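Note that ligands are numbered from 1 as they come in the structure, with each ligand's atoms numbered from 1 the same way. Small disclaimer: the values here were computed from a predicted structure and weren't measured.
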Amino acid sequence: MDKAKKTKLNKDLPEQNTRRRFLGQSALLGLAGAGVLAGCKEEPAVTKASAAASATGTAVSKAASAPVGHEVAPGQLDDYYFFSSGGHSGEARIIGYPSGRTLRRIPVFNIDPMVGWGITNESKAIIGTNPDGSLKYTTGDTHHIHGSYKDGTYDGRWLFVNDKLHSRLARIRMDTMECDKITQLPNVMGYHGTFPDKCDPVDPKINYTTRVFCGGEFHIPLPNDGHDLNDPSKWGALFTCIDAETMEVRWQVRIDGNCDLVATSYNGKYAATNSYNTENAADQAGMMSAERDACIFFDIARIEKLVKDGKFTHIGTSKVPVVDGRKAANQDPKTAITCYVPAGKNPHGVNASPDGKYFVTSDKLSPTATVIEIALVEKWFNGELKTERDAVVAQPEIGLGPLHTAFDGKGNAFTTLFLDSQIVKWNVDKAIAQYKGDKSVNPVLDKVDVHYQPGHGFASMGETKEADGKYFNSGNKFSKDRFLPVGPLHCETEQMIDISGDKMRIVSDHTAYPEPHDAIIMRRDIVKTRQIYNMDDFPNAVKPDNAGITRKGNKVSVRMMSVAPAYSIPEIRVKKGDEVTITLTNHDKVEDLTHGCGIPYHNINFIVNPQETKSVTFKADKPGVYWIYCTHFCHALHLEMRSRFIVEA
Ligand code: RUQ
Ligand code: CUA
Ligand code: CA
């Protein structure tokens, strides 16, 4: 046992450039021919990928010229990716749109035994561990997911998603659709809204996302270390900026009131958050006592100048610079870093219009949306506008319980009405004309019932300057009678609405496992994923010359490879009490050929995709024989793909 035992990959295994050809050459010819492995790919992986890419291009241009069709026939690809948060499941999700077919779940703040998220050493390091190696948190609550931008539209590089529960921001790399970083926000509780910037505030050449802004919702003692427990008047909330590239916290702003959702301007100069608790109250009645609340604008360049000039403090043990954005410290607009624009009562969402001109808050407890012109906010910051309220250019009455607003890129806005259970379509220019005094215009163009009680609403490409006005998705919080009953827990409804015509038209209901909040609908040509990993991206990749079993004291390292239908080590022997690390590299190069690794009674379960490496570390404390087996159907001999794990007493 002490000497290294090297095991060569089985030389009999044929070269595998396709799964079908491999099966054709394997021992069980008949099974392959009988189509046992449905979905086998004919073409070599590389050709397949480029073929798919060009097919994508063709189909998208076709879809652009044809009227909006909603059916996606078997074998046809969707026109859009729908990236959704998963609420208290702690995950993110990918859905094909308009079909509504679930394509993938992306575990982020949760544990997922299918892929091994929260089980492998690599994923644990991303999620964050305690000194004993256990996960710091195993729960999360994702609400808002947004893509990185370039030139005012998605660049297909990253998705960012928040965890409201433990105040963390996660980044998902879009080439593999996996979370690669998670950052904990200091001195914040209930981190809710999140939005990437679209451009640098000073350098127009940096016309892509380099910052992510995060809104802290709950007031807490600062620092929250046991002091000021009984004096809520001393509690506060912070607005946070995270570096998109390094995922480090850049700075925070102490504000009056709280943050909720976040939006960013197309010119990079401003971020904004709606504030429903401008009262700084610690109870519900208090949070609803003011007739108006606010939308708080942040001047990013000025904040970063303060930080650069050292005009900041620290809170508690955190090293993050905190600047003062409270009203008292920002009396002079010309030096202010924050502008508190009065909005309706307890506003919920804040959304930027695709023409770059307006921010719209949906005023939950008033029947209105508040339209704020960004050029006027800029005037205020230049000392050229009398009051903050003068930046409001419209406040149309749209219905009861407005929560979120989306845009079609043609000057129309679509707001979810939670209490009315409706979506209202209204015209921004008409709302502005009405606000100016033209009594003859009615900005409300159409209303449609949804089923039931919509929360988030978002349109295809609606949060980019390429908003295309095809689909609006109503994320409904209740589904009651819309689907077969499945017990007391109901799923939620994603209702797809065709907004290409004058009248909105509901075209389908999709189910959603609770509970998605926000999502984005992204054109498929923007998304470029890889189908196979690059083995060299994994520093711990197992190759024939470093494979085998080695021991150092009671630490045993098992370096193993998988090639369908076998692991490279048929028998692994350890002693009771050993700490075992299994590193597994999948040497299959065939698209879609994933292997799994389950170890009975050891709580280990994970997969390795083609050319991927993962590792797990655990204690072997129960003498006996344990069959390590492949959990992911990979081959006609999938059931036989096993290795004996023997723990000696
Ligand atoms: S919230 S239903 Cu978490 Cu986005 Cu508005
Ligand atoms: Cu390898 Cu199933
Ligand atoms: Ca309020």
Side-chain angles (χ1 to χ4, degrees), residues 19 22 37 84-88 141-146 161-165 190-195 215 217 257-263 273-281 283-294 342-351 361-366 401-406 415-418 453-458 474-478 492 515-520 560-568 584 586-588 590 592-598 607-610 628-643:
R19 189 157 145 179
F22 166 50
L37 287 158
S84 175
S85 61
H88 40 301
D141 184 17
T142 60
H143 282 223
H144 302 113
I145 184 162
H146 290 287
V161 63
N162 77 309
D163 168 24
K164 177 166 174 172
L165 190 59
Y191 150 40
H192 192 201
T194 205
F195 218 101
E217 190 177 339
N258 72 337
C259 308
D260 190 16
L261 275 85
V262 176
T273 185
N274 57 293
S275 179
Y276 66 81
N277 187 11
T278 54
E279 299 91 341
N280 293 305
D283 61 348
Q284 207 175 59
M287 293 180 204
M288 298 193 297
S289 59
E291 263 327 295
R292 270 183 189 160
D293 285 291
K345 191 178 170 101
N346 285 36
H348 186 53
V350 55
N351 297 90
T361 63
S362 308
D363 305 334
K364 191 170 65 198
L365 301 185
S366 329
L403 289 185
H404 293 278
T405 299
T415 303
T416 55
L417 301 173
F418 182 81
Q453 261 79 35
H456 269 280
F458 30 90
S474 177
N476 304 326
K477 297 296 183 194
F478 296 82
E492 300 188 358
E515 99 155 23
H517 290 245
D518 208 357
I520 55 173
M560 196 154 79
M561 297 170 282
S562 61
V563 174
Y567 297 117
S568 62
L584 179 62
N586 183 0
H587 277 249
D588 279 309
V590 182
D592 207 4
L593 216 171
T594 296
H595 296 288
C597 179
I607 56 167
V608 276
N609 291 299
I628 297 179
Y629 71 97
C630 180
T631 51
H632 209 92
F633 209 106
C634 56
H635 188 274
L637 288 173
H638 158 73
L639 292 175
E640 290 84 349
M641 181 165 174
R642 298 194 237 155
S643 173

| For the rings on H456 and H144, is their centre-to-centre separation under 6.0 Å? | yes
| Taking 2.8 Å as the cut-off, does an N/O/S atom of C634 lie below it from atom 2 (Cu) of ligand 2? | yes
| note | Per the under 4.0 Å non-hydrogen criterion, ligand 1 touches H143, H144, H192, L261, H348, H404, G455, H456, H517
| request: Output yes when a side-chain donor or acceptor of Y276 lies under 3.5 Å from a complementary backbone atom of N258, and no otherwise. | output: no
| field | Total protein N/O/S atoms whose distance from the Ca ion (ligand 3) is less than 3.0 Å | value | 7
| Nearest atoms (heavy-atom pairs only) where P347 meets D260 | O-OD2, 4.0 Å
| Name the one of L261, T415, D518 that satisfies side-chain contact (heavy atoms from CB on, under 4.5 Å) with H404? | L261
| message | Need the atom name: nearest N/O/S atom of H638 to atom 2 (Cu) of ligand 2. | response | ND1
| message | Which atom name would you report as the N, O or S atom of H632 nearest atom 2 (Cu) of ligand 2? | response | O
| Test item: side-chain donor near acceptor, H143 and D141, under 3.5 Å | yes
| query | Taking both backbone and side chain into account, is any N, O or S atom of C630 nearer than 2.8 Å to atom 2 (Cu) of ligand 2? | reply | yes
| message | Please give me the minimum heavy-atom distance between F458 and A406, naming the atom from each residue. | response | CA-CB, 3.7 Å
| request: Return yes if a side-chain donor-acceptor contact under 3.5 Å exists between T278 and D293, otherwise no. | output: yes
